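Okay, here's the structure, questions in a sec.
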Amino acid sequence: MIDYILKYISIFLALLIVLPLHEFAHAFAAVKCGDMTPKINGRYTLNPMAHFDAVGLACFVLAGFGWAKPVPVNPSNFRHYKRGCIFVSSAGVLMNYLTAFVFCPLYYLSFYIPQFGHFTQVLQQTLSYVVVMSLSFFVFNLIPIYPLDGFHLYEALSKRRGGVYRFLRFQGIYVLYLLLFLSFIADVSGFWQLDILGIAMNFLVSYISVPITAFWGWIWGI
């Protein structure tokens, strides 16, 4: 029972790190591109409470995937419209990858500190979840479905507004909700084959984590 409680404490602490960094990166990029909208709306901050979304947080708990409140941005304020759209859209996922890169060695180091019972367990689990969540966020947010970053990046890079665009913009979210629901059912029932999203994400995360683990493994071996 205690391990179960400590696990969810660690998950929550990891979310307090991963979510604000992701959203602040969007806000920071927008402000640097000339748009003060994030500051006006109180999103130019690392305060987790400014970024949490109730539904997205519930999905984290129930399905293992979720999202925060999108940072409000007005692209018409960008000094360079297309460049700003690309920069802001990609800032969150780039921050996720950087977060995983920075916290990976901290996780390794946590095994060399003195053991302080549950504190050490929570610390190690939290650092591990930060790395895993950051990489999962990286993959999840690149799905080209509105309102995820992948859609905004696709929108910025493509001028086409045909059937594919309209589907991703207006209907894709229902596909995403279905995949999240299947992840929840798979977790509850034990039929892991239903977790299509989880299987795909685990596969992709295992590949994008290779440069990070290889680099720090090389450094650690010196």
Side-chain angles (χ1 to χ4, degrees), residues 2-29 46-48 51-53 56-68 71 89-143 148-150 153 179-180 183 186-187 192 195 197-222:
I2 186 65
D3 288 339
Y4 187 81
I5 294 174
L6 294 178
K7 172 187 173 182
Y8 277 93
I9 290 175
S10 301
I11 290 174
F12 180 71
L13 292 175
L15 286 173
L16 291 180
I17 297 171
V18 177
L19 281 177
L21 286 173
H22 176 94
E23 297 304 327
F24 176 75
H26 286 305
F28 179 83
L46 288 170
N47 180 2
H51 302 297
F52 278 162
D53 175 86
L57 195 60
C59 285
F60 264 119
V61 175
L62 298 175
F65 308 108
W67 54 88
V71 172
S89 298
S90 59
V93 292
L94 292 177
M95 175 59 79
N96 288 143
Y97 203 79
L98 178 61
T99 302
F101 182 82
V102 170
F103 275 81
C104 183
L106 297 180
Y107 172 65
Y108 292 156
L109 282 171
S110 69
F111 288 93
Y112 292 89
I113 66 173
Q115 296 295 312
F116 294 105
H118 295 319
F119 171 81
T120 303
Q121 183 180 346
V122 169
L123 175 64
Q124 291 173 345
Q125 287 184 161
T126 299
L127 293 172
S128 174
Y129 281 126
V130 168
V131 175
V132 173
M133 283 183 183
S134 295
L135 293 176
S136 297
F137 252 56
F138 179 88
V139 173
F140 182 78
N141 278 283
L142 283 178
I143 298 174
L148 300 178
D149 299 335
L153 193 57
L179 292 174
L180 289 169
S183 294
D187 186 52
W192 60 267
D195 190 9
L197 181 60
I199 293 171
M201 286 190 57
N202 288 336
F203 175 78
L204 293 172
V205 166
S206 68
Y207 273 90
I208 66 171
S209 65
V210 169
I212 296 175
T213 54
F215 176 82
W216 287 115
W218 176 70
I219 293 295
W220 224 252
I222 293 180

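Quantities reported herein were computed from a predicted structural model and do not represent experimental measurements.
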Could you work out, with side chain to side chain contact (heavy atoms under 4.5 Å, CB included) as the rule, every residue matching I5, not counting sequence neighbours?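 Applying side chain to side chain contact (heavy atoms under 4.5 Å, CB included) to I5 gives M1, I9.
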| How many angstroms lie between atom CG of L13 and atom OG1 of T126, to the nearest 0.5 angstrom? |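 Rounded to the nearest 0.5 Å, the CG-OG1 separation comes out at 4.5 Å.
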- Task: Test side-chain contact (heavy atoms from CB on, under 4.5 Å) on M95 and F137 and set out the steps.
- Result: CA-CA 10 Å; M95 175 59 79; F137 252 56; over 6 Å; no
Looking at CG of N141 and OG of S90, how far apart are the two atoms once the value is rounded to the nearest 0.5 Å?
->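 Here the interatomic distance stands at 12.0 Å.
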To the nearest 0.5 Å, tell me how far L123 CG sits from S110 OG.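 OG of S110 is found 5.5 Å from CG of L123.
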What distance separates N96 CG from L19 CG, expressed to the nearest 0.5 Å?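 Between N96 CG and L19 CG, I get 9.0 Å after rounding to 0.5 Å.
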Contacts of D53 that satisfy side chain to side chain donor-acceptor pair (under 3.5 Å) - sequence neighbours left out: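 For D53, the residues satisfying side chain to side chain donor-acceptor pair (under 3.5 Å) (neighbours in sequence not counted) are W67.
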Original post:
Does the side chain of Y129 reach to within under 4.5 Å of the side chain of L15, using non-hydrogen atoms?
Top reply: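 They are not in contact (no side-chain heavy atoms under 4.5 Å apart), so the answer is no.
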* To do: Would you name the heavy atoms of G198 and D195 that are closest together and state the gap between them?
  =>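 So the minimum-distance heavy-atom pair works out to N-OD1, 2.9 Å.
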Quiz item: Between Y207 and F203, is the gap from one ring center to the other below 6.0 Å?
Solution: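 Y207 vs F203: aromatic centres under 6.0 Å.
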**Q.** Taking every non-hydrogen atom, the tightest pair across A29 and A91
**A.**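 Scanning both residues completely, I find the closest heavy atoms to be CB-CB, 3.7 Å.
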Item checked: Atom pair CD/CG of E23 and N47 - distance to nearest 0.5 Å ->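 Atom-to-atom, E23:CD and N47:CG are 13.0 Å apart.
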Notebook entry, point to check: Quick one: side chain to side chain contact (heavy atoms under 4.5 Å, CB included) partners of I17, sequence neighbours excluded?
Noted result: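 Applying side chain to side chain contact (heavy atoms under 4.5 Å, CB included) to I17 gives L21, F103, V130.
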Requested in this report: Applying side chain to side chain donor-acceptor pair (under 3.5 Å), name anything that partners H26, two or more places apart in sequence or on another chain.
Outcome: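 H26 satisfies side chain to side chain donor-acceptor pair (under 3.5 Å) with H22, D149 only.
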Do any side-chain atoms of residues 111-121 form donor-acceptor pairs under 3.5 angstrom with protein atoms, and if so which ones, sequence neighbours left out?
| unit_1 | atom_1 | unit_2 | atom_2 | d |
| --- | --- | --- | --- | --- |
| T120 | OG1 | F116 | N | 2.7 |
| Q121 | NE2 | D3 | OD1 | 3.3 |

Suppose we screen for ring pair (Phe, Tyr, Trp, His ring centres under 6.0 Å). Which residues come up paired with Y97, at least two apart in sequence or across chains?
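By the ring pair (Phe, Tyr, Trp, His ring centres under 6.0 Å) rule, Y97 matches F138.
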Next on the checklist: Holding to side chain to side chain donor-acceptor pair (under 3.5 Å), I want the full list of residues that pass it with S10, two or more places apart in sequence or in another chain.
Outcome noted: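 S10: side chain to side chain donor-acceptor pair (under 3.5 Å) contacts with Q125.
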Quiz item: Are F52 and L16 close enough that some pair of their side-chain heavy atoms sits under 4.5 Å apart?
Solution: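 Answer yes - side chains close enough.
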Handout entry: T213 (side chain) donor-acceptor with S209 (main chain) under 3.5 angstrom
Key =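 Side chain of T213 to backbone of S209: a pair is present.
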All side chain to side chain contact (heavy atoms under 4.5 Å, CB included) counterparts of F28, not counting sequence neighbours: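 By the side chain to side chain contact (heavy atoms under 4.5 Å, CB included) rule, F28 matches F24, K32, Y44.
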Q. Hey, what do you get for CG (L142) to CD1 (I208), rounding to the nearest 0.5 Å?
A.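 Result: 8.5 Å between the selected atoms.
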Next on the checklist: According to side chain to side chain contact (heavy atoms under 4.5 Å, CB included), who are the partners of V205, at least two apart in sequence or on a separate chain?
Outcome noted: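 For V205 the side chain to side chain contact (heavy atoms under 4.5 Å, CB included) partners, ignoring immediate neighbours, are L135, S136, V139.
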_Can you list everything that forms a ring pair (Phe, Tyr, Trp, His ring centres under 6.0 Å) with W192? Sequence neighbours excluded, please._
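Once residues adjacent in sequence are excluded, W192 has no partner under the ring pair (Phe, Tyr, Trp, His ring centres under 6.0 Å) criterion.
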Handout entry: ring pair (Phe, Tyr, Trp, His ring centres under 6.0 Å) partners of F215, counting only residues at least two apart
Key =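 With neighbours one apart ignored, the set is F101.
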